[in-house]
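Below is one structure, written out as structure tokens; the observations come after it.
Protein chains get the first letters and strands the later ones, always in sequence-line order, with residue 1 at the start of each. Fair warning: this is a prediction, and the values are worked out from it, not measured in the lab.
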2 protein chains.
Amino acid sequence: MEHLKIDDVAKECGLTKRTIRYYEELGLIPPPERSEGGMRLYTRTHIERLKQIMNARDVLGFSLQEILDFVAVGENLDELKEQYVKIEEVDAKLAQLRDIEAIVSRQLDMVDQKLAKMNEFRKDIERIQKRVTDGIAKFSKEKES
Amino acid sequence: MEHLKIDDVAKECGLTKRTIRYYEELGLIPPPERSEGGMRLYTRTHIERLKQIMNARDVLGFSLQEILDFVAVGENLDELKEQYVKIEEVDAKLAQLRDIEAIVSRQLDMVDQKLAKMNEFRKDIERIQKRVTDGIAKFSKEKES
DNA sequence: TCTAACGTTAACGTCAACGTTAACTTTTGC
DNA sequence: GCAAAAGTTAACGTTGACGTTAACGTTAGA
């Protein structure tokens, strides 16, 4: 593993070092390994995660707390995968998976609603654009006469 | 015109009265007429506007300042429409319209980029969903055996 | 080897976007 | 006609999401 220092990560992501530590503090990214002297050593996976978080934050307008819910699902899933499952625990696992499925379905619905509204918004702007181009056409004609 | 009081507007939009006054203060909505005693009297148009603003804020994750830019374009356009235009001013108007067109085009691009990223995000969630349903299928089979 | 550049924690500062409260006037139902 | 409900301005409080600074330890290169 290449040992990425926090400043490398900051530069690649376009975040500040403070923000990266803050996200770790909130639990948005897993705590990275440390060097002998206590320096944070990141991996590529951290960068992926950070970029996903930035997307959710900037593009979807999610709060960090909301993003934490999304992250939690993935984490939860990874955990389930790791565990060795005894026969008599299968039912419990299934119940957990169904819970997660419910959450994920709601998340998908949320995103779909956002997508719908965003398309509405796009149409609003298109209408304005039409008004402008119509105006341009009109004045262009007046100029000719 | 029906005279809507601020509380009516608040209830229909799901905003607080404070927020509505705040948006007026920022210039996000035009100042409504006032009653004899200074009470704000709103119209349907205000409600439309407020709903658009909420969309931009919640769904697109725009800051109020950014929304102000969007609003400004429409306002600007309305203004241009009202004005009587002398022959020798036609060129100036055309220039203004072209400026607005450029802004609107950039806004459309922004929204399209957001749409693209939101679709990406949707796919991420779908992938997780698949992992979950696969897991459920797998454990269901194990149960049978 | 030593110093400049970079890292660490911890605490306080800031800004947007409202919420809350106070002190007051207007409107409405009986 | 008068209390209660709803409106007004103005000022201060709060919360989320970091920025900034201080005080200090670590690491890399000449």
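Every pair passing ring pair (Phe, Tyr, Trp, His ring centres under 6.0 Å) that includes a residue from residues 89-121 of chain B is listed here, sequence neighbours excluded: F70(A)-F121(B). Applying the ring pair (Phe, Tyr, Trp, His ring centres under 6.0 Å) rule to pairs touching residues 87-117 of chain B yields nothing, sequence neighbours excluded. Identified under the ring pair (Phe, Tyr, Trp, His ring centres under 6.0 Å) test for residues 23-43 of chain A, with sequence neighbours left out: Y42(A)-H46(A).
Contacts of R122(A) classified as side-chain hydrogen bond (donor to acceptor under 3.5 Å, both in side chains), with partners at least two apart in sequence or in another chain: E126(A), D112(B). For D109(B), there are no salt bridge (charged side-chain N to carboxylate O under 4.0 Å, His left out) partners at least two apart in sequence or on another chain. In this structure I47(A) satisfies the side chain to side chain contact (heavy atoms under 4.5 Å, CB included) test together with L4(A), V9(A), E12(A), C13(A), R44(A), K51(A), sequence neighbours excluded.
dA16(C) atom P lies 12 Å from atom CD of E25(B), rounded to whole Å. Counting to the nearest Å, the C1' atom of dA5(D) and the CG atom of D8(B) are 13 Å from each other. Residue L4(B) contributes atom CG, which lies 16 Å from atom P of dA6(D) at whole-angstrom precision.
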Using a 4.0 Å heavy-atom cut-off to protein, can you give one letter per nucleotide of nucleotides 17-29 of chain C, 5' to 3': B if the base is in contact, S if only the sugar-phosphate is, - if neither? BBBB-----SS--

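Defining each end axis of the helix from dT1(C)-dA30(D) to dC30(C)-dG1(D) as the rotation carrying four pairs' C1' atoms onto the next four, with five pairs an end, the two axes are found to diverge by 10° to 10 degrees.
Across dT8(D), dA6(D), dC6(C), the shortest atom-to-atom separation from the side chain of D7(B) is found for dA6(D).
A salt bridge links K11(A) with D7(A): the distance from a Lys NZ or Arg NE/NH1/NH2 to an Asp or Glu carboxylate oxygen falls below 4.0 Å.
One finds no side-chain N or O of R40(B) lying less than 4.0 angstrom from the OP1 or OP2 phosphate oxygen of dG7(D).
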Contacts table for residues 77-96 of chain A: side-chain donor-acceptor under 3.5 angstrom, sequence neighbours left out:
residue: D78(A); atom: OD1; partner: R131(B); partner atom: NH2; Å: 2.9
residue: Q83(A); atom: OE1; partner: K93(A); partner atom: NZ; Å: 2.3
residue: D91(A); atom: OD1; partner: K143(B); partner atom: NZ; Å: 3.4

